[in-house]
Amino acid sequence: MSYNHQEIEKKWQAKWAAARTGYVDESVSRDNALYYLIMFPYPSGSGLHVGHVESQAAIDILARMERMRGKNVLCPIGYDAFGLPAENYAIKTGVHPSVTTKAAIENFHNQMQSLGLSFDWSREISTADPEYYKWTQWLFLLFYKNGLAYRKKSPVNWCEGCHTVLANEQVVAGACERCGTVVIQKDLEQWFFNITKYADRLLAGLDSLDWPEKIKSMQRNWIGKSVGAEVTFGVEGRGVRGEGLAVTVFTTRPDTLFGATYLVLAPEHALVDSIVTDEYRSAIEAYRIAASKKSALERTELQKEKSGAFTGSFAINPATGEKIPVWIADYVITTYGTGAIMAVPAHDARDFEFAKKYQLPIKVVVAKDGEELEGFFEEGLAVHSDFLNGLSTKDAKQKMIAWLEEKGIGNAKTTFRIRDWLVSRQRYWGAPIPIIWCEDHGAQAVEEVQLPVELPTDVDFKPTGESPLVDSKTFHDVKCPVCGKDARRESDTMDTFVDSSWYYLRYTDPHNPNAFADKSKVDYWCPVDLYLGGAEHAVMHLLYARFFAYALHDLGYLNFEEPFMKLRNQGLILGPDGDKMSKSKGNVVNPDEVVSEYGADALRMYEMFMGPLEDAKPWDTKGVVGIRRFLDKVERLGERVQGAPDAGVQRTLHKAIKKVTADLEELKFNTAISQLMIVVNEFSAATSINKETFESFLKLLAPLAPHLAEELWEKLGHATSIFAESWPMFDAAMIVDDVVEMGVQVNGKVRGTISIAPTADEAIAKDLAMAEPNVVKWIEGKEIAKIIYVPGKIFNIVVR
RNA sequence: GCCGACAUGGCGGAACUGGUAUACGCGCACGACUCAAAAUCGUGUGGGGAAACUCAUGUGGGUUCAAGUCCCACUGUCGGCACCA
């Protein structure tokens, strides 16, 4: 028999809404406050996904438990509402993105309500709301005025599919992260945020964070710090125009300078024109053209074969004094280091490959650990041996750098892989960049009182490569704030990752018209205590949000640098076939259908029971059935409540209080639930169910299955919510077993079990063990060499 | 290629700091109730074996009284990065 979940769940959802469950009290001391956050969803037209439910259920369970433990918990929800899908839909159908987005948000809201989530609904925000993006724009201007937002012309990633530029982080294996189109390079002037200024601190800050190691290492990789040196090589033979010509390279292995047998410049390197000799000019030009035609994807895909061209010039290796040829090759990247390298083919796989192909000299100068140096060396050996021989790599590097500095031809240098964040987009559905362009005064910040710069509605969405905002007369034509002459508005909008870089701050004071959030409120709630979300945001969102926090900290707006102290990722929920859910595979599970058939409690609890939160796990509707059976069983137990407590059930309950509490704290929902199942199995078997015992159990169940817990609580005669109760405490004395079943081993193999007090001393254990017939059989006639007794765990007899 | 994670019954998974491997759920089998079915309840359920036993946590070694857990090598799966000098 199943209870009527639809009726019960609706009833409680209405009551909670009236009671404003989940709302906070900021008069409570900060020590008792917690900020629990999940990554806000993009309100897609296809509605809530079971993957959303996973993190939402998890954070709701934790928030509900902590509230019962007396904590003041902020657990908000909102919508990352700007972005391409709504805009592309508008291009196709003509329906304005604001209409689509509003409908999608309403749908998400209702779906989340139907799951019984205790978010603070008074703080619901949308990044596409002018009240919100006013502050996104304000923050842009704050960065602009402080030199953190700037414009520059540079080769940028261009996606033909999305008709917009992309940040480096949004290019995955040479293709657009969003649509998969191959990304090409264009030379354009764009807006950037100066995230590289924070590269070192963003890297160092990771150490203090309670984040999955995987995410931290991805961020470390992305930031890509390399410590080494810059070395300047003089170029010979360009006496006519190239007097004093020099090339500076970056290397992480200055200690291998003796082995540098040629130089390579990126084809786009600025010095190529002056270095190339007339004889080689046409060949170099041809190579540069060929290289420029390769897309980022081709350049990585065609990595098998390296190619390059000789410039005709020679540089001097400052360590050996030798003439070494200067080449260009597209395995050297213009945007990293100095765009030029010294090639040490003996100690770098890429240089080795290149040297073999073009028959350039290879000179071994460094021995691997334990290798004999003699015999490896060719020319230059003597210099190297005398100078660096016998030193560790670390010391050799240092000595080399000191030598370079002394000679004035090099210095220690640290390089980062991370590039500045390209934030402008040639798209409509985003926050307009609040800048006015005046012929006389250049880029001018929109005055603060004029914010927000609202998105116009009179636009054609068709992407042309320029922002659709250019077409809007009402938007585009404006007066210069300095001279009042005709000017135009910046027509680009901001990357949606800008919107999501500060939303957690807005939640603390979501309707403030005078600031992005009142400082006292930010101080009260932030940083976020626990942040839950998908691992796909490992680099982009999490790095950008950290950058925002560091920048706002330095500008005096925040008293912390790291926004998210503890981060956990939920794993993907796969389709029943074990594949990633997708419409094309037809293996998508719709949460609404599960709710209507089995109930929100069953859906939430099943998703938590599937396995470890962070693991990917396949959906199994049979599993939902199992949870529903469990809930039905609980409901039936509620009708049998009567009589005195049973000692055995009591003990199980207290063990469960301990385990469920500890497991939930560690986000181990699956084992917490199995422990509750064990309690229920004991209740079922017991002759009577004591009211207090059952009530304690209901409190443990409440965060996981809030509707049913409330219903049964009410049926037991309570007029107030079960969530107003305090979380049960276990009695340590209650959970000690008087007698346990303990294995007795002979030579490490279990040969019997004995019932024994876990506190019993060895003599008692030995008597019991030796009395076991099967044990006796195995030790008969043998010499007892050793006895290992771990009370309550094992009794092992070692015989010879 | 580099970095990281993982590998346990028919399935999802459990196992604290090395201490009775397979908790809990699913599935399956049998039984009770029923004219019958569903639902529910009960019993059983890693493999082999009649049993005693024995084999079993991806593979092969090692440490230990004792290894899913620790060490070494390998294989496979997944995720990330990819000419970063």
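As a basis for the values below, the full set of heavy atoms in this structure was taken, side chains included, without hydrogen atoms, waters or symmetry mates. By convention in this document, chain letters (A, B, ...) are assigned in the order of the sequence lines, proteins followed by strands, and residues within each chain are numbered from 1.
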Participant: Have a look at A/N681 and say if it touches a base, only the backbone sugar-phosphate, or nothing, with a 4.0 Å heavy-atom cut-off.
Facilitator: sugar-phosphate
Participant: What nucleotide among B/A85, B/C83, B/G80 has an atom nearest to a side-chain atom of A/S226?
Facilitator: B/A85
Participant: Considering only distance and modelled atom types, tabulate donor-acceptor pairs under 3.5 Å from the side chains of residues 784-795 of chain A, sequence neighbours left out.
Facilitator:
| from | atom 1 | to | atom 2 | distance (Å) |
| --- | --- | --- | --- | --- |
| A/Y789 | OH | A/A760 | O | 2.8 |

Participant: Would you indicate, yes or no, if B/A85 has its OP1 or OP2 atom less than 4.0 angstrom from a side-chain nitrogen or oxygen of A/R417?
Facilitator: no
Participant: What is the distance, to the nearest angstrom, from the CG atom on A/D620 to the C1' atom on B/G25?
Facilitator: 10 Å
Participant: OP1 or OP2 of B/A52 versus the side-chain N and O atoms of A/N774: is any pair under 4.0 Å?
Facilitator: no
Participant: Starting from the C-alpha separation in whole Å, work towards a yes-or-no answer on side chain to side chain contact (heavy atoms under 4.5 Å, CB included) for A/R417 and A/K225.
Facilitator: CA-CA 7 Å; A/R417 192 188 94 107; A/K225 182 176 181 172; over 6 Å; no
Participant: Rounded to the Å, how far apart are A/K655 NZ and B/A23 P?
Facilitator: 16 Å
Participant: What is the nucleic acid contact for A/G626, judged by heavy atoms within less than 4.0 Å: base, sugar-phosphate only, or nothing?
Facilitator: sugar-phosphate
Participant: Whole Å only: how far is the CD atom of A/E536 from the P atom of B/C78?
Facilitator: 19 Å
Participant: Please compare A/V798 and A/A616 by the position of their nearest nucleotide in RNA chain B and report the one closer to 5'.
Facilitator: A/A616
Participant: Under a plain distance cut-off of 3.5 Å, with no hydrogens placed, do A/S307 and A/Y287 share a side-chain donor-acceptor pair?
Facilitator: yes
Participant: Base, sugar-phosphate or nothing for A/I788? Non-hydrogen atoms, less than 4.0 Å.
Facilitator: base
Participant: Please confirm whether the shortest side-chain N or O distance from A/R628 to OP1 or OP2 of B/A39 is below 4.0 Å.
Facilitator: no
Participant: Check every atom of B/G12, B/C83, B/C26 against the side chain of A/F609 and return the nucleotide holding the closest atom.
Facilitator: B/G12
Participant: Counting only distance, no hydrogens or angles, is the base of B/C53 paired donor-acceptor with the side chain of A/K777 under 3.5 Å?
Facilitator: no
Participant: Report yes if at least one side-chain N or O of A/S217 is closer than 4.0 Å to OP1 or OP2 of B/G80; otherwise report no.
Facilitator: no
Participant: If you check every side-chain atom of A/K622, which of B/U54, B/C65, B/G27 has the closest atom?
Facilitator: B/G27
Participant: Give a yes/no on whether any side-chain N or O of A/K749 is located under 4.0 angstrom from OP1 or OP2 of B/G19.
Facilitator: no
Participant: Give A/N796 one of three labels, base, sugar-phosphate or nothing, depending on what nucleic acid heavy atoms sit under 4.0 Å from its own.
Facilitator: base
Participant: Please report the distance separating the P of B/C11 from the corresponding atom of B/G46, rounded so that it comes out in whole Å.
Facilitator: 14 Å
Participant: Taking only the side-chain nitrogens and oxygens of A/N670, find out if one of them lies under 4.0 Å from OP1 or OP2 of B/A14.
Facilitator: yes
Participant: Describe, in one word, how the ring planes of A/F354 and A/Y358 are oriented to each other, choosing from parallel (under 30°), tilted (30 to 60°) and perpendicular (over 60°).
Facilitator: tilted
Participant: Does A/K306 make a side-chain donor-acceptor contact with the base of B/C83, cut-off 3.5 Å?
Facilitator: yes
Participant: Under 4.0 Å between a side-chain N or O of A/K214 and OP1 or OP2 of B/G4?
Facilitator: no
Participant: Do the ring planes of A/F497 and A/H541 sit parallel (below 30°), tilted (30 to 60°) or perpendicular (above 60°)?
Facilitator: parallel
Participant: Provide, to the nearest angstrom, the distance between the OH atom belonging to A/Y262 and the P atom belonging to B/A85.
Facilitator: 16 Å
Participant: Between B/A14, B/A85, B/U54, which one does the side chain of A/T251 approach most closely?
Facilitator: B/A85
Participant: May I ask you to evaluate whether A/R220 reaches the phosphate of B/C81, defined as a side-chain N or O under 4.0 Å from OP1 or OP2?
Facilitator: no
Participant: If you look at every strand shown and take non-hydrogen atoms under 4.0 Å, does A/W778 touch a base, only sugar-phosphate, or nothing?
Facilitator: sugar-phosphate
Participant: Would you indicate what A/T252 reaches in the nucleic acid, counting non-hydrogen atoms under 4.0 angstrom: base, sugar-phosphate, or nothing?
Facilitator: sugar-phosphate
Participant: So A/W421 and A/Y544, would you call those rings parallel, tilted or perpendicular, with 30° and 60° as cut-offs?
Facilitator: parallel
Participant: What is the pairing partner of B/C65, taking Watson-Crick or G-U wobble pairs with both distances under 3.5 Å in any strand?
Facilitator: B/G19
Participant: Write down the distance between CD (A/E639) and C1' (B/U40), rounded to a whole number of angstrom.
Facilitator: 14 Å
Participant: Nearest whole angstrom, please: distance from the C1' of B/A85 to the CD1 of A/I328.
Facilitator: 17 Å
Participant: A/K668 has a side chain; which of B/G80, B/A15, B/A82 sits nearest to it?
Facilitator: B/A15
Participant: Using Watson-Crick or G-U wobble geometry with both distances under 3.5 Å, which nucleotide pairs with B/A29?
Facilitator: B/U43
Participant: Starting the side chain at C-beta, find the nucleotide from B/C65, B/G80, B/A85 nearest to A/M218.
Facilitator: B/G80
Participant: When you measure from the side chain of A/D615 to the backbone N and O of A/G571, does any donor-acceptor pair fall under 3.5 Å?
Facilitator: no
Participant: Going by a 90° cut-off around 0, is B/G9 syn or anti?
Facilitator: syn
Participant: Whom does B/G49 pair with, Watson-Crick or G-U wobble, provided both distances fall under 3.5 Å?
Facilitator: none
Participant: Within the 4.0 Å heavy-atom criterion, would you say A/V790 contacts the bases, only the backbone, or no part of the nucleic acid?
Facilitator: base
Participant: How close do A/R640 and A/S684 get, heavy atom to heavy atom, and via which atoms?
Facilitator: NH1-O, 3.7 Å
Participant: Below the 4.0 Å mark, does B/A52 have OP1 or OP2 next to a side-chain nitrogen or oxygen of A/R751?
Facilitator: no
Participant: Taking pairing as Watson-Crick or G-U wobble with both contacts under 3.5 Å, can you name the mate of B/A5, or confirm there isn't one?
Facilitator: B/U77
